[in-house]
Engineer: 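If you scroll down you'll find the structure; I have some questions about it.
Values in this document were obtained by computation on a predicted structure and should not be read as measured data.
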Amino acid sequence: MKQVTSKLFFVLFTVMSYNSFSQTANLSSQEIKDMKYMLEEEKVARDVYELLDKKWNLRVFNNIKQSEQRHMDMMENLLNSNKISYQFSDKRGVFYNKELQKLYNDLTEKGLKSKYDALEVGKTIEVTDINDLEKAKKLTTNSQIKDVYSKLIFASNNHLRAFSRNLSKFQNQ
């Protein structure tokens, strides 16, 4: 019985290892790069919104920063389920991707000038996020990745409408 159990364990381990390997092996380097980028881009949104929420105390930033954390969680789950190693800084406002670091710096500088500028920054973030997600979605055939990107695009469109509504209040004053 012990020998049968050992063989069964070996077979199950081999099958599980093959499935884990084949999941990652089926992804292109572009798909992997895009997922890592999208995780850090969602972090840019969350970190900017946290800073602007503290500065301006507008409900839209508080609500959407929580959503951006869920977006980060979705991207992390996607990376983890595909056994992809990744890194991002736990520190607010710190990014490994230099392009995203510059984006964060530029957006926070503008967003700290006025409430109106802060809302414009929110709109810019969501438009950028939607465009990047749509590009990444076109470059994958993986249904799991497409599904996550579709959900993020849907949510980002909601965020974009929220920022646009808030901006219209300023324009109507």
Engineer: Please find the pair of heavy atoms, one from Met72 and one from Leu39, that lie closest to each other, and give the distance.
Structural biologist: O-CD1, 3.5 Å
Engineer: Measure across Thr141 and Lys146 and return the closest heavy-atom pair with its distance rounded to 0.1 Å.
Structural biologist: CA-CE, 4.0 Å
Engineer: Taking the six-membered ring of Phe170 (Phe, Tyr or Trp), confirm whether the NZ or CZ of Lys115 is under 6.0 Å from its centre and within 45° of its axis.
Structural biologist: no
Engineer: May I have the step-by-step check of side chain to side chain contact (heavy atoms under 4.5 Å, CB included) for Tyr149 and Met74, ending in yes or no?
Structural biologist: CA-CA 9 Å; Tyr149 288 168; Met74 289 173 71; over 6 Å; no
Engineer: Mind checking the NZ-NZ spacing from Lys54 to Lys65? Nearest 0.5 Å is all I need.
Structural biologist: 7.0 Å
Engineer: Nearest 0.5 Å, what's the CD1-CG distance between Ile125 and Leu52?
Structural biologist: 7.0 Å
Engineer: Pick one: which of His159, Glu42, Arg46 meets side-chain hydrogen bond (donor to acceptor under 3.5 Å, both in side chains) with Ser67?
Structural biologist: His159
Engineer: Roughly how far, to the nearest 0.5 Å, is the CD atom of Glu68 from the CG atom of Asn63?
Structural biologist: 12.0 Å
Engineer: Is the backbone N or O of Asn105 less than 3.5 Å from a side-chain atom of Thr108, with the two atoms forming a donor-acceptor pair by type?
Structural biologist: yes
Engineer: Answer whether the closest heavy-atom distance between the side chains of Phe95 and Leu103 falls below 4.5 Å.
Structural biologist: no
Engineer: Quick one: CG on Leu152 to CZ on Arg70, what's the gap to the nearest 0.5 Å?
Structural biologist: 11.5 Å
Engineer: Working to the nearest 0.5 angstrom, can you tell me the gap between Lys55 NZ and Ser114 OG?
Structural biologist: 10.0 Å
Engineer: Flag yes if Tyr86 and Val94 sit in one hydrophobic cluster, no otherwise; membership is Ile, Leu, Val, Met, Phe, Trp, Tyr, and two members link when side-chain heavy atoms are under 4.5 Å apart.
Structural biologist: no
Engineer: Side chain of Asp53, backbone of Tyr49: donor and acceptor closer than 3.5 Å?
Structural biologist: no
Engineer: Checking side-chain polar atoms at under 3.5 Å, does Glu31 have a donor or acceptor matched by the opposite partner on Asn82?
Structural biologist: no
Engineer: Begin from the C-alpha positions of Lys110 and Asp106 and carry the test salt bridge (Lys or Arg N to Asp or Glu O under 4.0 Å) through to its verdict.
Structural biologist: CA-CA 6 Å; Lys110 179 180 180 182; Asp106 293 346; over 6 Å; no
Engineer: Taking all heavy atoms of Thr128 and all of Glu41, pick out the closest pair and write down the distance.
Structural biologist: CG2-OE2, 4.0 Å
Engineer: Supply the atom-to-atom distance Ser81 OG to Glu76 CD, rounded to the nearest 0.5 angstrom.
Structural biologist: 11.5 Å
Engineer: When you compare the side chains of Arg59 and Asn62, does any donor N or O come within less than 3.5 Å of an acceptor on the partner?
Structural biologist: no
Engineer: How close do Gly111 and Val121 get, counting heavy atoms only, and between which atoms?
Structural biologist: N-CG2, 3.7 Å
Engineer: Going through the distances and angles, do Glu134 and Ile153 end up as a side chain to side chain contact (heavy atoms under 4.5 Å, CB included)?
Structural biologist: CA-CA 7 Å; Glu134 286 176 345; Ile153 290 167; 3.6 Å; yes
Engineer: Do you reckon Val48 sits in the same ILVMFWY cluster as Leu112, going by side-chain contacts under 4.5 Å, direct or chained?
Structural biologist: yes
Engineer: Quick one: are Ile64 and Glu126 in side-chain contact, heavy atoms under 4.5 Å?
Structural biologist: yes
Engineer: State, yes or no, whether a side-chain contact exists between Asn142 and Asn26 at a heavy-atom distance under 4.5 Å.
Structural biologist: no
Engineer: Any side-chain heavy atom of Asn77 sitting closer than 4.5 Å to one from Val148?
Structural biologist: no
Engineer: Between Asp147 and Ser143 (side chain of the first, backbone of the second, donor and acceptor by atom type, cut-off under 3.5 Å), is there such a pair?
Structural biologist: no
Engineer: Measure the shortest side-chain to side-chain distance between Ile145 and Met35 over non-hydrogen atoms and say whether it is less than 4.5 angstrom.
Structural biologist: yes
Engineer: Which pair of heavy atoms, one from Lys43 and one from Ser89, lies closest together, and at what distance?
Structural biologist: CE-O, 2.7 Å
Engineer: Test side chain to side chain contact (heavy atoms under 4.5 Å, CB included) on Val44 and Glu40; report intermediate values, then the result.
Structural biologist: CA-CA 6 Å; Val44 168; Glu40 222 177 10; 5.8 Å; no
Engineer: I'd like to know if the side chain of Asp34 pairs up with that of Gln30 as donor and acceptor (distance under 3.5 Å, no hydrogens or angles considered).
Structural biologist: yes
Engineer: Which heavy-atom pair separates Gln101 from Gly93 by the least distance, and what is that distance?
Structural biologist: NE2-O, 3.0 Å
Engineer: Are Tyr96 and Tyr37 close enough that their ring centres sit under 6.0 Å apart?
Structural biologist: no
Engineer: Any chance you could lay out the side chain to side chain contact (heavy atoms under 4.5 Å, CB included) test for Phe163 and Leu58, step after step, and finish with the verdict?
Structural biologist: CA-CA 11 Å; Phe163 284 117; Leu58 295 173; over 6 Å; no
Engineer: May I ask you to test the Asp117-Trp56 pair for a side-chain heavy-atom distance under 4.5 Å?
Structural biologist: no
